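A quick note: this is a predicted structure, and the numbers were derived from the prediction, not measured.
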Amino acid sequence: MTAAPVEATGSNGAAGAAGAVGAVGAVGPAGPAGPAGPAGAVGPAGAAGAAGPAGPAEVAGERLRRWRLVLGGEEADGTGCVLAAQDAAMDGALTALYGKGGKGRSGRDRSAGLGASAPSVARWLGDIRTYFPSSVVQVMQRDAIDRLGLSTLLLEPEMLEAVEADVHLVGTLLSLNKAMPETTKETARAVVRKVVEDLEKRLASRTRATLTGALDRSTRISRPRHQDIDWNRTIAANLKHYLPEYRTIVPERLIGYGRASQSVKKEVILCIDQSGSMAASVVYASVFGAVLASMRSIATRLVVFDTAVVDLTDQLDDPVDVLFGTQLGGGTDINRALAYCQSQITRPADTVVVLISDLYEGGIRDEMLKRVAAMKASGVQFVTLLALSDEGAPAYDREHAAALAALGAPAFACTPDLFPEVMAAAIEKRPLPIPDTA
């Protein structure tokens, strides 16, 4: 069964409650005829119905039930729908987060239903993990931290053990790192390590395979084996040897791809803005930095900056150490960071510099642009990423982005899945696969 799209506001909050109800599908006691919702029926035991299509009365009833959960009940919901025991408990979990009552950080009405105590929040976290799938739980956790100001409760080990770990939670923990008591840090590191290991499993193999191929293709040899011949370059180099009577080219010079070797072929410098808005990018960049550092053919350096510059290269064997070495928040001095990166370049023609920043510069703008121009003129491949995350289009300084584009270093947001292709293109010195944002 497919329910109608939900686009209404109510006491349970339009965006949050509608998203949660839409994602979870039809929730209720498992039975032989339980109809599945848009994302699959999820009940307390994860059971889905197996019977045929529901009749008109069932469809109408399910729509009313969903509207009731979105609108939050009370006198003005207009549905006349009475919730069963489990639905009532789900409604309570939604109301605690999205219902009316006090004022959120944005000044809008919201509920204070979770209170400020760790036990009540822990119970609520347990409830939403019972009623909603993991992807929805993560969204609701972020909403709770933002709307209800619960980030300080993450300083308690019991709370950290109860939350659903994801990249955004890691960013929040890193921002609290300096205020975190020692009793909590061990639990926090365990949460961060779990997220990092999950990301490495997802990203590492493809990244290594993509970049190994790019490294081989970036090295040219003049006496290749047959399977290593670069036919496009070979044909282009021998066009003057075309024989019209035979309608063929007699190649006098072969050009081929190099093979993998143990020597360092490329140097990569990741220069990461650690201002508060870049939290997710810092997490992904640290994971990719560790993956690149594990490849013998790439010498990787990782630099983080705000108004100061910190080189975390010696911690790249453990991305968790890298993340806890960052300090999210503060100002931004891109020029100072690029000055340090420029000083570390020894082989410009074989170096890729990746600046990951929203480009809100607090330093000297003209000097920043001069450094980028100088690096590119020396042969450095310069890549500017406005974000390295799955969060969509970021806010960024458009004037600085346009100035970098004029220098031949276009700035764009990059997803983690696209990053290996971006790095491969930079290593091979070919056009970057810039996403179409039109």
Quick one, D350 with K429, criterion salt bridge (Lys or Arg N to Asp or Glu O under 4.0 Å). Give me CA distance, side-chain angles, the key distance, then yes/no. CA-CA 10 Å; D350 295 319; K429 300 184 178 181; 5.2 Å; no
For D358 and M278 the tightest heavy-atom approach is N-SD, 3.8 Å
T184: side-chain contact (heavy atoms from CB on, under 4.5 Å) partners, not counting sequence neighbours: P157, L160, M180, P181
Could you check if a side-chain atom of V167 sits within less than 4.5 angstrom of a side-chain atom of S389, using non-hydrogen atoms only? no
If you round to the nearest 0.5 Å, how far is CD1 of I269 from CG of L355? 11.5 Å
From CG (L211) to CG (L292), nearest 0.5 Å: 6.0 Å
Can you tell me how far the CD1 atom of I356 sits from the SG atom of C414, to the nearest 0.5 Å? 8.5 Å
Inter-residue atom distance L385.CG - L359.CG, 0.5 Å rounding: 10.0 Å
Sequence neighbours left out, what passes side-chain contact (heavy atoms from CB on, under 4.5 Å) with H168? Give chain and number order. R142, D166, E391
Is there a side-chain contact between T384 and P410, using heavy atoms and a 4.5 Å cut-off? no
As a quick check of understanding, evaluate side-chain contact (heavy atoms from CB on, under 4.5 Å) for L203 and F419, giving each step before the final call. CA-CA 10 Å; L203 302 169; F419 185 73; over 6 Å; no
Donor-acceptor pair, side chain of E267 and main chain of A299, under 3.5 angstrom: no
Could you pull out the closest heavy-atom pair between T313 and T300, with the gap in Å? CG2-O, 3.4 Å
Decide side-chain contact (heavy atoms from CB on, under 4.5 Å) for R208 and S294; before the verdict, give the C-alpha distance in whole Å, the side-chain angles of both, and the deciding distance to 0.1 Å. CA-CA 9 Å; R208 292 192 185 100; S294 70; 3.1 Å; yes
Quick one: are L199 and V283 in side-chain contact, heavy atoms under 4.5 Å? yes
Tell me, do F305 and R336 make a side-chain contact under 4.5 Å, heavy atoms counted? no
Any side-chain heavy atom of L407 sitting closer than 4.5 Å to one from F382? no
Closest non-hydrogen atom pair, A165 against V191: CB-CG1, 3.8 Å
R371 atom CZ, neighbour heavy-atom count above 12 within 6.0 Å: yes
K194/D198 salt bridge by N-O under 4.0 Å criterion: yes
Check P435 against L418 and note the closest heavy-atom contact, atom names and distance. CG-CD2, 3.5 Å
Just by distance, do the side chain of T210 and the backbone of T207 share a donor-acceptor pair under 3.5 Å? no
Given the rule in the side-chain contact (heavy atoms from CB on, under 4.5 Å) test, do L173 and K185 qualify, once you have shown the distances and angles that lead to the verdict? CA-CA 9 Å; L173 290 177; K185 283 189 176 181; over 6 Å; no
Atom CG in D366, atom CG in N335: separation rounded to 0.5 Å? 9.5 Å
Would you check, one step at a time, whether the test salt bridge (Lys or Arg N to Asp or Glu O under 4.0 Å) holds for E421 with R206? CA-CA 10 Å; E421 301 297 335; R206 179 169 170 266; 3.4 Å; yes
Criterion side-chain contact (heavy atoms from CB on, under 4.5 Å) on V136 and Y131, from CA distance to verdict: CA-CA 10 Å; V136 176; Y131 303 133; over 6 Å; no
Between the side chain of E361 and the main-chain N/O of I334, is any donor-acceptor distance below 3.5 Å? yes
How about M423 and V354: do any of their side-chain heavy atoms sit closer than 4.5 Å? yes
Is the shortest heavy-atom distance from the side chain of L169 to the side chain of E164 under 4.5 Å? no
Would you say D273 and Y360 are linked by a side-chain donor-acceptor pair, where the criterion is simply a distance under 3.5 Å? no
For I364, look at atom CD1 and say whether over 12 heavy atoms of other residues, nucleotides or ligands are found less than 6.0 Å away. no
Heavy atoms only: give me the nearest A411-A401 pair and the separation to one decimal. CB-CB, 4.1 Å
Return the CG to CD distance between L338 and Q342, rounded to the nearest 0.5 Å. 8.0 Å
Would you name the heavy atoms of V309 and A337 that are closest together and state the gap between them? CG2-CA, 3.7 Å
Check: L388 and F288 side chains under 4.5 Å, non-hydrogen atoms: yes
